[in-house]
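Presented below is the structure to which this report refers.
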Amino acid sequence: MTSDEQDKYSVFSKAAYDFYYNDLEFAQQELRDYGLKSWVIDPQLSDKNSVVLTNRDSVVVSYRGTDIFNLGDLYSDANILIGRHRTPFPSQRFFEAEEKYAK
């Protein structure tokens, strides 16, 4: 992966946090400010855990990481840590991520 690609995906990651902590407009403006004007956040597929970004010929799903003040995030992380992220005790966030990826 080139440095430019790494930069682009870093901004995509930031967009997931911007959407979570702020809102769609803020996240979209940040994409423009970082020179990614052709990328648009799909508001219907984006939520507090991830954003779906599209341009003319690509789609990227950017999943937000852990917010240490969000108990649901910590619960999900604990299940991953002990190997219970799939069965028999998968978290809702895990299901949401799989479903979004499939869409």
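- Hydrophobic clustering places Ile41 together with Val60 (ILVMFWY residues linked when any side-chain heavy atoms are closer than 4.5 Å, directly or through intermediates).
- The heavy-atom pair separating Ala27 from Ala15 by the smallest distance is CB-O, 3.9 Å.
- Distance check: Asp67 CG to Lys48 NZ gives 10.5 Å after rounding to the nearest 0.5 Å.
- In this structure a side-chain-to-backbone donor-acceptor pair under 3.5 Å is present from Glu5 to Thr2.
- For Lys37, there are no side chain to side chain donor-acceptor pair (under 3.5 Å) partners two or more places apart in sequence or in a different chain.
- Between the OG atom in Ser50 and the CZ atom in Arg64 there is a gap of 9.0 Å [rounded to 0.5 Å].
- Between Lys103 and Glu99 there is a salt bridge, since a side-chain N of the basic residue sits under 4.0 Å from a carboxylate O of the acidic one.
- Remark: the backbone N or O of Leu45 is paired with a side-chain donor or acceptor of Lys100 at under 3.5 angstrom.
- Using a 4.5 Å heavy-atom cutoff, the side chains of Glu30 and Val11 are not in contact.
- Expressed to the nearest 0.5 Å, how far OG of Ser13 lies from NZ of Lys8 amounts to 14.0 Å.
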TODO: For the pair Asn55 and Val40, evaluate side-chain contact (heavy atoms from CB on, under 4.5 Å) and give the outcome as yes or no after the intermediate values.
DONE: CA-CA 6 Å; Asn55 71 5; Val40 177; over 6 Å; no

Open item on the list: Under the criterion side-chain contact (heavy atoms from CB on, under 4.5 Å), I'd like the reasoning laid out for Ser3 against Asp7: C-alpha separation, chi angles, the key distance, then a yes or no.
Closed with: CA-CA 6 Å; Ser3 176; Asp7 290 348; 4.2 Å; yes

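- Within 6.0 Å of the CD atom in Gln44, the count of heavy atoms belonging to other residues, nucleotides or ligands does not exceed 12.
- In this structure, CG on Leu24 lies 9.5 Å from CG on Asp42, to the nearest 0.5 angstrom.
- Residue pairs meeting the ring-ring contact (aromatic ring centres under 6.0 Å, His included) criterion with at least one partner in residues 43-64, sequence neighbours excluded, are absent.
- Interatomic distance, CG of Leu31 versus CG of Leu53, reported as 6.0 Å (0.5 Å rounding).
- Atoms CD and CG, from Gln29 and Asp18 in turn, are 11.0 Å apart once rounded to the nearest 0.5 Å.
- The ring-ring contact (aromatic ring centres under 6.0 Å, His included) pairs that include a residue from residues 7-43 are Tyr9-Phe12, Phe12-Trp39, where partners are two or more places apart or lie in different chains.
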